[in-house]
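To keep things clear, I will list the structure first and then write my remarks on it.
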Amino acid sequence: MPTTLKLPRRDGLLAPYTLTGRAPVSAPPGPIKRRIGMAAVHVVADPLASVNPTLEVALDWDATLRYRHHIWSLGLAVAEAMDTSQRGMGFDWRTAKELIRRTVAEARTVPGAVLASGAGTDHLEPGPRVTIADVEAAYEEQCAWIEGCGGRIILMASRALAAYAKEPGDYLKVYGRILSQVREPVIIHWLGAMFDPALEGYWGSRDLDQATETLLTIVKEHASRIDGVKISLLDQAREVAMRKRFPANVRMYTGDDFDYPTTIRGDGDRHSDALLGIFDVIAPAASAALKALDAGDLARYADVLAPTLSLSRHVFGAPTRFYKTGVVFAAYLNGHQSHFRMVGGQESARSVVHLAEQFVLMDRAGLLRDPDLAAARMRRVLAVAGVE
């Protein structure tokens with residue numbers, strides 16, 4: 001018989017929920033061919049480290065790297081040390097350097113593994129004395145580390161640049177300098193203010209149309225140095241309009257965790273590849289859907305991804321920047337880590353009601369790989385919240 005447990009509701013009451021009994025989604029073996037599907041992956045905190053979790057970082061390296069092998073085993077690519085790993089929300093550059101070094105080394109042991117890592121300026125504290133030269137030097141340091149490890153670069157947005165920049169020309173100067181130095185084409189990441197309020201007005205304007213034009217100028221001037229652009233604005237129409245204006249060699253990587261199935265499928269003219277935090281949560285479904293797309297089975301593609309949308313919109317619901325809590329919670333439910341603790345104590349960033357709703361949505365989407373284990377772990381989380 002399917003398991004039943006009591007879950008808290010938004011009205012403050014408890015209600016029984018019976019699991020669907022749906023078989024977990026699985027993907028056929030082999031690579032993904034027609035799209036690049038990158039999962040921006042989380043890190044696993046060390047729950048037994050003697051540190052102040054709000055000020056210091058300690059990782060469970062074995063569990064962290066094991067999860068990357070899980071993603072590669074599904075044919076997906078790994079986007080490392082980005083906002084999903086809590087860059088800018090407790091995860092520092094010092095630890096990110098070690099994570100990048102270790103992950104690049106692990107990727108070399110996996111035939112066909114694809115990996116790219118985030119380079120930003122998060123070790124540079126924004127402030128009135130920060131200059132544009134400081135921002136450039138910070139980017140150069142992180143890019144040099146990634147390339148020195150043998151990795152590929154995802155050029156992340158910079159809080160320091162957002163605080164310093166007076167006009168679009170400042171962005172043209174900084175990005176032009178960095179792009180002129182990289183060894184291999186990079187992915188540029190436009191992270192919207194809903195993900196990080198400190199990035200409001202990025203590209204030199206709060207007007208998104210003007211900001212778009214600045215980014216397009218950079219893309220067109222440096223197309224040979226750019227593999228693609230990841231747009232994290234939760235704005236499908238803007239993404240589709242932008243990709244139509246990209247040079248043919250520049251990819252659009254969707255970062256739209258609200259509407260990814262249609263942007264990835266494409267419109268017959270152009271399509272988006274994927275670089276998504278939600279792919280960490282729905283990895284088996286993402287792999288199954290992209291492999292169905294490889295086979296030209298659009299019905300299977302749509303059927304697999306359709307139930308993941310309500311889950312993704314919930315995980316990335318406002319305040320969106322706390323989506324990382326849902327990502328790690330999913331990994332805990334599915335047995336990829338033994339605990340629900342996070343860097344910076346961010347496991348407390350979502351309410352138990354929010355987590356209970358996520359549990360239900362994962363069940364309905366076929367994303368609980370062992371429903372009995374997931375139910376037992378859900379009960380542990382509820383017990384900590386006083387639900388017996």
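Residue numbers run from 1 in the order of the sequence given.
In this structure, a donor-acceptor pair under 3.5 Å is absent between the side chains of His339 and Glu347. For the residue pair Asp134 / Thr131, a side-chain donor-acceptor distance below 3.5 Å is found, with atom types taken as modelled. Using modelled atom types, one finds no donor on one side chain facing an acceptor on the other under 3.5 Å when comparing Gln346 with Gln86. Between the side chains of Thr121 and Ser158, at least one donor-acceptor pair of N or O atoms lies under 3.5 Å. Residues Asp257 and Ser312 have side chains that never bring a donor and an acceptor to within less than 3.5 angstrom of each other.
With contacts defined as side-chain heavy-atom distances shorter than 4.5 Å, the pair Glu141/Trp93 qualifies. Between Ile231 and Asp256, every side-chain heavy-atom pair lies at or beyond the 4.5 Å cut-off. A heavy-atom distance below 4.5 Å is not found between the side chains of Asp196 and Arg321. Within the 4.5 Å cutoff, side-chain heavy atoms of Met362 are placed close to those of Asn334. Under the 4.5 Å side-chain criterion, counting only non-hydrogen atoms from C-beta, Pro185 is not in contact with His222. Using a 4.5 Å heavy-atom cutoff, the side chains of Phe279 and Val41 are not in contact. Taking the side chain as every heavy atom from C-beta outward, Arg152 and Leu115 never approach each other to under 4.5 Å. Using a 4.5 Å heavy-atom cutoff, the side chains of Arg102 and Thr64 are not in contact.
We find that Glu80 and Arg87 are not joined by a salt bridge, their nearest charged nitrogen and carboxylate oxygen being 4.0 Å or further apart. Salt-bridge annotation for Asp92 and Lys97: absent, with no side-chain N of the basic residue lying under 4.0 Å from a carboxylate O of the acidic one. Using a 4.0 Å cut-off between charged side-chain N and carboxylate O, Lys244 and Asp269 make no salt bridge. Taking 4.0 Å as the cut-off between side-chain N and carboxylate O, Asp235 and Arg238 count as a salt-bridged pair.
With hydrogens and angles disregarded, a donor-acceptor distance shorter than 3.5 Å links the side chain of Tyr301 to the backbone of Pro261. In this structure, Glu56 contributes its side chain and Asn52 its backbone to a donor-acceptor pair below 3.5 Å. Judged by distance alone, the side chain of Arg377 and the main-chain N or O of Tyr332 form a donor-acceptor pair under 3.5 Å. Remark: side-chain polar atoms of Thr3 are not paired, donor with acceptor, to backbone N or O of Leu19 under 3.5 angstrom. Distance alone, capped at 3.5 Å, is enough to place a donor-acceptor pair between the Lys291 side chain and the Pro28 backbone. With hydrogens and angles disregarded, a donor-acceptor distance shorter than 3.5 Å links the side chain of Ser85 to the backbone of Met82. With hydrogens and angles disregarded, a donor-acceptor distance shorter than 3.5 Å links the side chain of Tyr139 to the backbone of Met156. Looking only at distances, no side-chain donor or acceptor of His336 sits under 3.5 Å from a matching main-chain atom of Ala330. No side-chain donor-acceptor contact under 3.5 Å links Asp46 to the backbone of Ala58. Proximity of a side-chain donor or acceptor of Asp363 to a complementary backbone N or O of Val360 within less than 3.5 Å is not detected.
When each of Asp170, Val219, Leu172 is paired with Thr214, the side-chain contact (heavy atoms from CB on, under 4.5 Å) condition holds for Leu172 and for no other. With Gln236 as the fixed residue, the side-chain hydrogen bond (donor to acceptor under 3.5 Å, both in side chains) test singles out one of Thr263, Thr262, Thr254: Thr262. If you run salt bridge (Lys or Arg N to Asp or Glu O under 4.0 Å) between Asp273 and each of Arg243, Arg251, Arg35, Arg34, only Arg251 comes through.
Following chains of ILVMFWY side-chain contacts shorter than 4.5 Å, one cannot reach Val229 starting from Ile36, and the two form parts of different hydrophobic clusters. Placement of Val328 and Leu76 within a single hydrophobic cluster is found when ILVMFWY residues are connected by side-chain heavy-atom separations under 4.5 Å, directly or transitively. Connection of Trp190 to Ile154 is not established within any shared hydrophobic cluster, with ILVMFWY side chains joined at heavy-atom distances below 4.5 Å, either directly or through further cluster members. Residue Ile188 is grouped with residue Ile153 when hydrophobic side chains (ILVMFWY) are merged at heavy-atom distances under 4.5 angstrom, including chains of intermediate members. Phe91 and Val104 fall into different hydrophobic clusters, where Ile, Leu, Val, Met, Phe, Trp and Tyr residues are linked whenever their side-chain heavy atoms come under 4.5 Å apart, directly or through other members.
Taking the six-membered ring for Trp and thresholds of 30 and 60 degrees, Tyr323 and Phe195 have ring planes more than 60 degrees apart, a perpendicular arrangement. Taking the six-membered ring for Trp and thresholds of 30 and 60 degrees, Trp203 and Tyr171 have ring planes inclined between 30 and 60 degrees apart. Relative orientation of the His70 and Tyr67 rings is tilted, given thresholds of 30° and 60° on the angle between their planes.
To the nearest 0.5 Å, the span separating CD1 on Ile132 from CG on Leu161 amounts to 6.5 Å. Between the NZ atom in Lys230 and the CE atom in Met252 there is a gap of 11.0 Å [rounded to 0.5 Å]. Once rounded to the nearest 0.5 Å, the distance linking CG of Leu65 with CG of Asp60 reads 9.0 Å. Distance CZ/Arg245 to OG1/Thr212: 8.0 Å, rounded to 0.5 Å. How far CD of Glu136 is from CG of Leu124: 11.5 Å, rounded to the nearest 0.5 Å. One finds the CZ atom of Arg313 at 9.5 Å from the OG1 atom of Thr308 (value rounded to the nearest 0.5 Å).
Across all their heavy atoms, Ala105 and Thr109 have their closest contact at O-CG2, 3.6 Å. Nearest heavy-atom pair across Pro247 and Ala223 is CG-CB, 3.9 Å. When every heavy atom of His271 is checked against every heavy atom of Ile264, the shortest pair comes out as CB-O, 3.6 Å. The shortest heavy-atom contact between Ala288 and Ser26 is CB-O, 3.6 Å. Met38 and Val78 make their closest contact through CE-O, 3.5 Å (heavy atoms, listed as atom of the first residue, atom of the second, distance). Closest heavy-atom contact between Ala285 and Leu367: CB-CD2, 4.0 Å.
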Arg159 vs Asp122, test: side chain to side chain contact (heavy atoms under 4.5 Å, CB included). Steps then yes/no.
CA-CA 7 Å; Arg159 287 178 177 176; Asp122 48 322; over 6 Å; no
Yes or no on side chain to side chain contact (heavy atoms under 4.5 Å, CB included) for Ser272 and Glu239, after CA distance, side-chain angles and deciding distance?
CA-CA 9 Å; Ser272 296; Glu239 177 181 323; 2.6 Å; yes
Could you go step by step and tell me if Asp280 and Arg68 meet the salt bridge (charged side-chain N to carboxylate O under 4.0 Å, His left out) rule?
CA-CA 10 Å; Asp280 183 306; Arg68 282 129 183 83; over 6 Å; no
Please lay out, stage by stage, how Arg101 and Glu98 fare under the test side chain to side chain contact (heavy atoms under 4.5 Å, CB included).
CA-CA 5 Å; Arg101 185 189 68 78; Glu98 181 66 11; 2.6 Å; yes
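Atom NZ of Lys220 is surrounded by more than 12 heavy atoms from other residues, nucleotides or ligands within 6.0 Å.
Alongside Phe322, the hydrophobic cluster contains Met89 (criterion: ILVMFWY side chains under 4.5 Å).
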